[in-house]
Amino acid sequence: MKYVISLGLGLLVGVGLFVAGLLFNPFIADRGLSPLSVSKSEVIALKFANVPAESIAYTNDGESIQEPHPEKVLQLWEAPIRTTSAMTTVMRDARNRVAGIGVKFMSDSESTRLLQGDMIVDSVWYIYLPEHGSMFVEQTENYFPFVREVAFPAWRSSARGWRGNWRGDLSTGPGALGTANVVGGSGRVEGLRMDGVESMSVQAFSLDKGLISAEGGLLIELPASQFADDEVIDTP
Amino acid sequence: MPDLLGELNIGESVLLKTFLIGIVLGLAAAAGALYAIPVVDQVREASIVTVAPNSGNAETFHVNIPMDRIMSGAPGRAAVPPDLQWPADEAVAGISTELFKIRNARDAVVGVAVRAAAQNGGEDVIDWVLHLPARGSVFVNMDVSPREGGFRIGEIRAGSQEFATLSGFMTERWIVNESADEDAPTGRIELQATYVGQLEPLDPAESSE
């Protein structure tokens, strides 16, 4: 019997060591500086509330950490959309003025590979900015750095929470430099193909309530004017 | 260096070895499980796609109103849900947004969608984004003026995943419910997407055969 207990304890320690190795793996590094932060092209910089209670509306399956907002919003409980969340939020410019409305759909991705440090979410944005027009942003996001540096320390904390200052780029593709694909639909950006990067800064997180203090950012790089003709999408 | 293992009796030595084997097995089991078991496995409804008469593939979705409306926000209009606070800022005064669950031809929910309408100076915009979690998303820019027959048509401007290489168009049409059932919707928005694949040049070697 004591050998079975010894083997069981060994198994638990082995699994624990594996999880620790995964979380503290030095080969799974953050990507560092966003390629758009050093761009010389004109950039649209947007900010938005990442805390559901501060958005216009947020919904999911109703069983996740983040609670839907407002209270009576329809929940996404059907099987094909159970791992999807939807958010409508006010988009603000760099001077914190209201710039437009954004809608984001996020779904857990089957390309998630925890062994490689990929916790992937497929997401799309629809953004309408009166100054620029409508845009569609398509991207994959990796939440592994957030889990490793914010959620895991919150889990280890006796208060089941985390406070600090974490900022990271979430976009990891499909662009070659880990950027999101952005397509203009109307207005000034009609027909343009652009690159984008979404980031998140978190100040407080709770395992019971999710994000408590956080802000999202979206940088969209407009094509340089000399390349504008090449970047315009052929429309029939 | 003291030989700690040598100081153990046979029983203790076997116990320690069992523990160490357990650690190795635990490491292997965790790695194997993460490799073999998918962390995310999306539920898929089979696509109901038909061949369109003038090339391309057609797929129909619909939204039952009001039961599939997730939210609706517009300045000066009743919001859905009623406790939703639509921003009063002048910069977004001409924008209205509706979020829906979308259903396939078998009436099963397969995704979510946003329909946005905006008036900005002389420019009117109506856009749809359909998001089907296991398949991808489609961005459609609609013509503002309805066609004869009461439907609007729009061009597929972009897509992701399965729809990334497709172009085509989509129509939207409001169909009033004529059923007398108490639980019946007041009507439905019917969306018909027609996808056309990108033309790819033939491989010269293949075409000469």
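Each chain gets a letter, A, B and so on, in the order the sequences are listed, and its residues count up from 1. None of the values given here were measured: they were computed from a predicted structure.
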Run the salt-bridge test on A/E67 and A/K209 with the 4.0 Å N-O cut-off and return the result as yes or no.
-> no
B/N141, B/V24, B/T18: which one forms the most heavy-atom pairs within less than 4.5 Å of chain A?
-> B/T18
Ring geometry between A/W155 and A/F152 (parallel below 30°, tilted from 30 to 60°, perpendicular above 60°) | parallel
Which atoms of A/L22 come close to chain B, meaning under 4.5 Å heavy atom to heavy atom: side chain ones, backbone ones, both, or neither?
-> side chain
If one checks every heavy atom of A/T140 against chain B at 4.5 Å, the contacting part turns out to be neither
Let me know if B/D83 has heavy atoms under 4.5 Å from chain A in its side chain, its backbone, both or neither.
-> both
How are the rings of B/Y195 and B/F163 set relative to one another: parallel (under 30°), tilted (30 to 60°) or perpendicular (over 60°)?
-> tilted
So which residues of residues 124-133 of chain B are in contact with chain A at a heavy-atom cut-off of under 4.5 Å?
-> B/V125, B/D127, B/V129, B/H131, B/P133
Will you find, in the side chains of A/T83 and A/S107, an N or O donor that is under 3.5 Å from an N or O acceptor?
-> no
Which bit of A/T84 is near chain B, if near means a heavy-atom gap under 4.5 Å: side chain, backbone, both or neither?
-> side chain
Please look at A/V15 and chain B and tell me whether the side chain, the backbone, both or neither of the residue comes under 4.5 angstrom of a heavy atom of that chain.
-> both
Side chain, backbone, both or neither of A/Q139 within contact of chain B (heavy atoms, under 4.5 Å) | neither
Segment of A/E110 engaging chain B (4.5 angstrom heavy-atom cut-off) = both
Side-chain donor-acceptor pair under 3.5 Å between A/Q75 and A/T59, yes or no?
-> no
Check each atom of B/A93 against the heavy atoms of chain A and say whether the ones under 4.5 Å are side chain, backbone, both or neither.
-> neither
By salt bridge (charged side-chain N to carboxylate O under 4.0 Å, His left out) - contacts of B/R135 (at least two apart) | B/E59, B/E162
So what's closer than 4.5 Å to chain A heavy atoms on B/L25: side chain, backbone, both or neither?
-> both
Quick one: list whatever passes salt bridge (charged side-chain N to carboxylate O under 4.0 Å, His left out) with B/R69, sequence neighbours left out.
-> B/E98
Given that the side chain runs from C-beta out, which part of A/V73 has a heavy atom under 4.5 Å from chain B: side chain, backbone, both or neither?
-> both
Residue by residue, scan residues 102-112 of chain B and write down, ordered by number, those that have a heavy-atom distance under 4.5 Å to chain A; if none do, write 'none'.
-> B/V109, B/V110, B/G111, B/V112
